[in-house]
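Since the structure comes first, as structure tokens, the remarks are kept for the end.
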Number of protein chains: 2
Amino acid sequence: MGIRAIERAMAVLQELNLQPINTIAQLHARTKLPKPTLVRILRTLEDAGYVENDPRQGGYQVSALVTSLSSGYHKGPLVVEAGRAWAIAMTRQHKWPVAIALPDYDRMVVRFSTVPDSFVSPFHSTVNKRLNFLTRGLGLAYLAFLDNDEFDLIIDVLKRSDDPENALSHHPDELKRLVGRVHENGYAIRSSLVEPKNSNTIGVPIISHGGRVLASIGLTYFKSAFGSEQEACDRYAPILKSAAAAISEDLDRLSNHLAA
Amino acid sequence: MGIRAIERAMAVLQELNLQPINTIAQLHARTKLPKPTLVRILRTLEDAGYVENDPRQGGYQVSALVTSLSSGYHKGPLVVEAGRAWAIAMTRQHKWPVAIALPDYDRMVVRFSTVPDSFVSPFHSTVNKRLNFLTRGLGLAYLAFLDNDEFDLIIDVLKRSDDPENALSHHPDELKRLVGRVHENGYAIRSSLVEPKNSNTIGVPIISHGGRVLASIGLTYFKSAFGSEQEACDRYAPILKSAAAAISEDLDRLSNHLAA
DNA sequence: CATCGCCGTTTCGCAACGCGAAACGAAGGG
DNA sequence: CCCTTCGTTTCGCGTTGCGAAACGGCGATG
């Protein structure tokens, strides 16, 4: 049992990262903390410089100083660092959030996301979120481009799971058809059977020059903004593909540089 | 006056980011907090997942989750995002910490640094640190490559300061000579008159394809590791220059991408 | 124009909560 | 073998943070 005030403050800081702007009421609803407590915590964080209170915008937001809370952590794979700039740039232009995910045992883990920069969205933090391989755009985009050995290895793991989102691992034919389609298209989308149903994610693999699948990068949009799924895919899949290629290119240049 | 426990916890988290591994004794010395208090704070942060306690390594360190405390902040300039991967890669290979700084009024502000990834160093956090233009490697590297108008504008500001580190702004001839040398070399070093004297920073400008000076990137090393200053510069200046060029290249590709 | 509801913020008395001196056990060093 | 120094635990005290209640402002509603 830790120090309550600190636990609460960290929870608030987490919540603040989910949206560009946060009202007391929203934070109250999400954290279940009494409003005076929130005000006190926020003022403490504001005094310390981690949070800004902009009454004109009607709410609180994280400030630049929060970056120094994690400035000492760079153990992440280089592909995430190389992809950041591209993800940010894509969100700046196309508005929709972009995420980069890496495999971890039986799931893909989101390691970077521009959700908070983007639309005011109902999503919760996607960073550190674990996504299933067989139903998620970022999962399928990775899985479908693996070589056979690695592919089978993961499917074997998934077979031992009783998560309904992994059900497809028991239907090899259907799975093969799905993966084949992803492979052909060069991109994957989220299964229409899973939540949230008002949005969709288009994912593409990031493949090194050596041919290894390193990660996946995806863009998420509200379905209501497009007439059809196809329309959105036609528009964003090429952009994602060329961003993925550019990231791979960056990585290649990085390692050549290092070798020199 | 904020909530004390939170202020303390944030201070501890800051300290944890300065070094790869932190003992209770070190934290005690730097934060002046009683050791039982530190243990309690650290256990709270550990329970929450932000900190890991590895007794084998003999200390505490920040864990991957800290990144989610700032995952909602991407307002920084793209040049910082583009430079991250290069800075990290350089530190991985050459061990020494690398920092990226941007101008802000009368100083350069460090916006990204790999200090904690690197050597166990006596430095305090360099992120958000404000460095003088005329005495620091990262300052001179930026200043010396500005066009005349921008250069004069900054010097005018510095003249109005009584900071001894800005003294050179009152000696145009000496200043011109110094800037000329930096320009010729293509890199700048920290003045030997300022602290800390046991280390040095080599800085180079990051210049956009359009010719604008965007930022500076620099590498810091302990003087004791090299026979002479020249030796270190000969070794690292070319590496920094080519990294700066590569970052500029990345930015160019990013913007072309966006235009397409 | 009065009323209502919801907002963010302030007040204030209570006691829960966090505090840290002191003690503890373990691990080197001389 | 003693002595220091480390990280951690204990525990009684009192400061500090707590949150119900109240407040003032604002926009919608009738």
**Report entry** Separation of D/dG7 C1' from B/Arg56 CZ (nearest whole Å)
**Finding:** 17 Å
Query raised in the report: Taking CD1 from B/Ile21 and C1' from D/dG7, how many angstroms apart are they, rounded to a whole number?
Result: 14 Å
Query raised in the report: Any side-chain N or O of B/Arg8 under 4.0 Å from OP1/OP2 of C/dG20?
Result: yes
Query raised in the report: Given that A/Gly58 and A/Ile6 both sit by DNA chain C, which one's nearest nucleotide is further toward the 5' end?
Result: A/Gly58
Query raised in the report: Would you say the side chains of B/Thr135 and B/Ser191 form a donor-acceptor pair under 3.5 Å?
Result: no
Query raised in the report: Which nucleotide, D/dC6, C/dT9, D/dT8, lies nearest any side-chain atom of B/Val39?
Result: D/dT8
Requested in this report: Please state how far atom NE2 in B/His28 lies from atom P in D/dG7, giving the value in whole angstrom units.
Outcome: 10 Å
**Report entry** DNA chain C: 5'-proximal contact among B/Ala5 and A/Arg43 (nearest heavy atom)
**Finding:** A/Arg43
**Report entry** Integer-rounded Å distance: C/dA21 P and B/Leu33 CG
**Finding:** 12 Å
Query raised in the report: Is the shortest side-chain N to carboxylate O distance from B/Arg212 to B/Glu150 below 4.0 Å?
Result: yes
Query - Whole-Å distance separating the CD1 atom of A/Ile3 from the P atom of C/dG20 - result: 10 Å
Query raised in the report: C/dC19 phosphate, OP1 or OP2: any side-chain N/O from B/Thr37 under 4.0 angstrom?
Result: no
Requested in this report: Take the protein atom CD of B/Glu7 and the nucleotide atom P of C/dG18, then report the distance between them rounded to whole Å.
Outcome: 15 Å
**Report entry** side-chain N/O B/Asn53 vs D/dT8 OP1/OP2, d < 4.0 Å
**Finding:** yes
Report task. Run the salt-bridge test on B/Arg136 and B/Glu165 with the 4.0 Å N-O cut-off and return the result as yes or no. Result -> yes
Query - Reference residue A/Val109; test side-chain contact (heavy atoms from CB on, under 4.5 Å); the match among A/Leu102, A/Asp104, A/Ile100 - result: A/Asp104
Query - Atom-to-atom span, CD1 of A/Ile24 to P of D/dG24 - whole angstrom - result: 19 Å
Report task. Write down the distance between CG (A/Leu45) and P (D/dG17), rounded to a whole number of angstrom. Result -> 13 Å
Query raised in the report: Of all the choices, C/dC7, C/dG20, C/dT9, which nucleotide is nearest to the side chain of B/Pro36 once you look at every atom?
Result: C/dG20
Query - Mutual orientation of the aromatic rings belonging to A/Trp96 and A/Tyr221 [parallel < 30°, tilted 30-60°, perpendicular > 60°] - result: perpendicular
Requested in this report: Just call it for A/Arg4: base, sugar-phosphate, or nothing, with non-hydrogen atoms closer than 4.0 Å on any strand.
Outcome: sugar-phosphate
**Report entry** N or O in side chain of B/Arg40 less than 4.0 angstrom from C/dG18 OP1/OP2
**Finding:** no
